[in-house]
Engineer: 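Right, I'll just put the structure down here and ask away after.
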Amino acid sequence: MDTTEAMLKTRKVLFITQSITPYTPETEFSYLGRRAPHIMQERGREIRTFMPKWGGINERRCQLHEVIRLSGMNLIIDETDHLLIIKVASIPSARMQVYFIDNDDYFQKRLEKADEAGNEYADNGERAIFYARGVLETVKKLRWVPDVIHCQGWISALAPMYIKTAYREEPCFRDAKVIFTPSGNDLQLPLSKQFRSSFAFKGMTGKELDSYPEQMHIDDLYRLALSYSDGLMLTEDNADQGLIEAAQSRNLPILNPSDLHDSDNADAMAAFFDQVWGKKGEEPED
C-alpha cells in the first residue's frame with residue numbers, strides 16, 4: 001500500500017479501556033477513556049470502545065441493554081466456565097457507543113479493583129484474563145478489523161500479549177498495532193497463584209511468563225503488556241521510569257502527559273496513533 005492509499009484508508013481504532021466517564025466517577029483517567037475515542041472519531045477514524053461492566057454502574061440510569069447476538073459464549077478460566085455477556089450503551093453528547101463486558105462471577109456487584117471496604121479482590125488477575133479474552137472474542141464476532149488497539153489500565157494489560165500470541169493469526173488482529181497506557185489506579189496486592197495456571201490457552205504454553213516472578217505484581221503486569229505493545233501512552237508525570245526506559249530501548253513511540261494536558265492535545269494524540277499505525281512491526285521481547 002503506497003502512502004496516498006494509506007492516507008485514504010479509513011483507519012479503525014479499538015479501545016480496550018478500564019473506565020469511561022460518565023459510567024465511572026470522573027478522573028483524569030476516565031476522562032481519557034472517553035476523550036481518546038471521541039478525538040479519533042472526530043478525525044474520521046472508525047472506532048469500537050469496550051469497558052468492563054463494573055458493579056457500580058447503574059444499568060437503568062445509564063440505559064445499558066444486552067446484545068443477545070454477541071452474548072452467550074463460555075470462556076474457560078482455571079478449568080471453570082464463565083458466561084460472557086455483552087451490553088451496550090451510548091454517550092449522546094459524544095455520539096459514541098460503548099460495549100460492556102459483563103459476567104456474574106467477575107463483574108456483577110463488584111467494583112473496579114476492591115470492595116467497598118477497600119479489600120482488593122483476590123481474583124483480579126483472572127478478571128483481567130476474562131476481560132481481555134471477552135473483548136477479543138467479541139471483536140471476532142463483529143468481524144471488525146482494527147488497525148490500532150489502545151489498551152488502557154491494569155484490567156486491559158493482558159490484551160497486548162493475547163493479540164500478539166494466541167490471536168496473532170486471526171484476520172481481525174493479524175496486522176494490528178497496540179498502544180498501552182498504564183493506569184493511575186494500580187493494584188497493590190500481587191496476582192493470585194491461580195493466575196499463572198489460568199492465563200494460557202489456544203497454543204500458549206506458559207513460557208510467556210518464564211521471566212516473571214511466581215506471583216506477579218502490577219509493575220510485572222505492565223512490563224508484560226509493554227513487551228507486546230508498539231507504543232506507550234502516558235497520563236501521569238510520575239510514570240514508572242523503568243517502563244519508559246523499556247519503551248525507549250525498543251524505540252517505541254511515546255506520548256507524554258504534557259501532550260495530553262495541553263488544551264490543544266487532540267492533534268498530538270491523533271498524530272501519535274497514526275505514528276504507531278505506520279511503525280514497522282517488531283517482534284515482542286522474550
Side-chain angles (χ1 to χ4, degrees), residues 12-24 30 33-34 36-38 40-41 45-78 80-92 94-113 121 123-146 148-160 162-163 166-167 170-173 176 178 198-199 201-202:
K12 299 178 180 179
V13 185
L14 171 63
F15 292 89
I16 306 177
T17 64
Q18 181 165 313
S19 59
I20 300 173
T21 182
Y23 303 114
T24 55
S30 66
R34 170 173 171 164
H38 182 63
M40 300 309 291
Q41 183 171 252
R45 312 304 190 251
E46 185 177 335
I47 66 167
R48 294 288 187 276
T49 306
F50 286 79
M51 70 170 287
K53 212 298 289 181
W54 303 116
I57 297 172
N58 187 305
E59 295 191 35
R60 179 175 295 181
R61 185 184 307 129
C62 296
Q63 299 184 350
L64 272 67
H65 62 270
E66 185 175 350
V67 185
I68 302 298
R69 68 185 178 88
L70 297 176
S71 298
M73 178 183 296
N74 281 311
L75 303 182
I76 300 175
I77 299 174
D78 198 22
T80 302
D81 284 350
H82 298 276
L83 181 64
L84 175 62
I85 303 169
I86 308 299
K87 297 175 180 176
V88 70
S90 297
I91 306 176
R95 295 185 295 112
M96 188 173 91
Q97 189 177 64
V98 178
Y99 291 94
F100 295 82
I101 297 294
D102 201 3
N103 172 262
D104 291 345
D105 302 313
Y106 291 133
F107 297 114
Q108 280 288 341
K109 300 181 181 178
R110 300 176 71 185
L111 305 179
E112 286 195 35
K113 68 170 186 175
Y121 300 114
D123 61 352
N124 275 332
E126 292 84 89
R127 298 172 84 203
I129 293 170
F130 183 87
Y131 179 57
R133 289 178 53 187
V135 171
L136 300 180
E137 290 294 339
T138 303
V139 172
K140 280 177 56 181
K141 273 193 174 183
L142 289 169
R143 296 183 179 180
W144 195 72
V145 184
V148 178
I149 302 172
H150 181 206
C151 302
Q152 178 189 347
W154 67 264
I155 194 70
S156 75
L158 292 172
Y162 286 140
I163 292 164
Y167 290 85
E170 295 284 352
C172 288
F173 305 109
V178 179
S198 302
F199 87 94
F201 82 113
K202 202 176 179 182

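The basis for the numbers below is simple: all heavy atoms, side chains too, and nothing from hydrogens, waters or symmetry mates.
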Engineer: Using 0.5 Å steps for rounding, measure from the OG1 atom of T138 to the CD1 atom of I101.
Structural biologist: 4.0 Å

Engineer: I need the C172 SG to R143 CZ distance, nearest 0.5 Å.
Structural biologist: 9.0 Å

Engineer: Backbone N or O of R95 within a donor-acceptor pair of the Q41 side chain at under 3.5 Å?
Structural biologist: yes

Engineer: Can you measure from CG (L84) to CG (L70) and round to the nearest 0.5 angstrom?
Structural biologist: 8.5 Å

Engineer: Start with the C-alpha gap between T17 and Q152, add the side-chain angles, then the distance that decides, and say whether side chain to side chain donor-acceptor pair (under 3.5 Å) holds.
Structural biologist: CA-CA 5 Å; T17 64; Q152 178 189 347; 5.1 Å; no

Engineer: Please report the shortest heavy-atom distance between K53 and F107, naming the atom on each side.
Structural biologist: O-CB, 3.3 Å

Engineer: Measuring only between side-chain heavy atoms, which start at C-beta, is P22 closer than 4.5 Å to R34?
Structural biologist: yes

Engineer: Under 6.0 Å between ring centres: does that hold for F201 and Y162?
Structural biologist: yes

Engineer: How many angstroms lie between CZ in F50 and SG in C151, if you round to the nearest 0.5 Å?
Structural biologist: 12.0 Å

Engineer: Do any N or O atoms from the side chain of S156 and from the backbone of G153 form a donor-acceptor pair under 3.5 angstrom?
Structural biologist: yes

Engineer: So M51 and V98, side-chain contact (heavy atoms from CB on, under 4.5 Å) or not? Walk me through it.
Structural biologist: CA-CA 7 Å; M51 70 170 287; V98 178; 3.9 Å; yes

Engineer: Just one of E66, K141, K87 clears the side-chain hydrogen bond (donor to acceptor under 3.5 Å, both in side chains) bar with S71, so which one?
Structural biologist: E66

Engineer: With rounding to the nearest 0.5 angstrom, report the CD to CD1 distance, E137 to I86.
Structural biologist: 10.0 Å

Engineer: Between Q63 (side chain only) and S90 (backbone N and O only), is there a donor and an acceptor less than 3.5 Å apart?
Structural biologist: no

Engineer: Provide the closest heavy-atom pair for A176 versus P146 in the form atom of the first, atom of the second, distance.
Structural biologist: CB-O, 3.7 Å

Engineer: How far apart are the closest heavy atoms of T24 and S30, and which atoms are they?
Structural biologist: OG1-CB, 3.6 Å

Engineer: Got a donor-acceptor contact below 3.5 angstrom from the R45 side chain to the K12 backbone?
Structural biologist: no

Engineer: Quick one: is the NZ or CZ of R48 closer than 6.0 Å to the six-membered ring centre of Y99, and within 45° of its axis?
Structural biologist: no

Engineer: Go through it in stages, so that I can follow the logic: the residues are R110 and N103, the test is side-chain contact (heavy atoms from CB on, under 4.5 Å), and I'd like the CA-CA distance, side-chain angles, deciding distance and then a yes or no.
Structural biologist: CA-CA 10 Å; R110 300 176 71 185; N103 172 262; over 6 Å; no

Engineer: Which heavy atom of L75 sits nearest a heavy atom of G134, and at what distance?
Structural biologist: CD1-N, 3.8 Å

Engineer: Would E126 and S198 count as having a side-chain donor-acceptor pair, cut-off 3.5 Å?
Structural biologist: no

Engineer: Mark yes or no: K202 above the aromatic ring of Y167, with NZ or CZ under 6.0 Å from the six-membered ring centre and no more than 45 degrees from the axis.
Structural biologist: yes

Engineer: So which heavy atom on E112 is nearest to which on W54, and how close?
Structural biologist: O-CZ3, 3.2 Å

Engineer: Below 6.0 angstrom between ring centroids: does that apply to Y23 and F100?
Structural biologist: yes

Engineer: When you measure from the side chain of D78 to the backbone of T80, do you find a donor-acceptor pair of N or O atoms at a distance under 3.5 Å?
Structural biologist: no

Engineer: Could you report the tightest heavy-atom contact between F173 and I163, atom names first, then the distance?
Structural biologist: CB-CG2, 4.2 Å

Engineer: What do the steps show when you test H82 against I129 for side-chain contact (heavy atoms from CB on, under 4.5 Å), and what is the final call?
Structural biologist: CA-CA 11 Å; H82 298 276; I129 293 170; over 6 Å; no

Engineer: Regarding D102 and Q108, do their side chains bring together a donor and an acceptor under 3.5 Å, going by distance alone?
Structural biologist: yes

Engineer: The test is side-chain contact (heavy atoms from CB on, under 4.5 Å); show your working for F15 and I149 and say whether it passes.
Structural biologist: CA-CA 6 Å; F15 292 89; I149 302 172; over 6 Å; no

Engineer: Decide yes or no for L14 and H150: does some side-chain heavy atom of the first lie under 4.5 Å from some side-chain heavy atom of the second?
Structural biologist: no

Engineer: Could you measure the distance from the CG atom of N74 to the CG atom of L83? Nearest 0.5 Å is fine.
Structural biologist: 5.5 Å

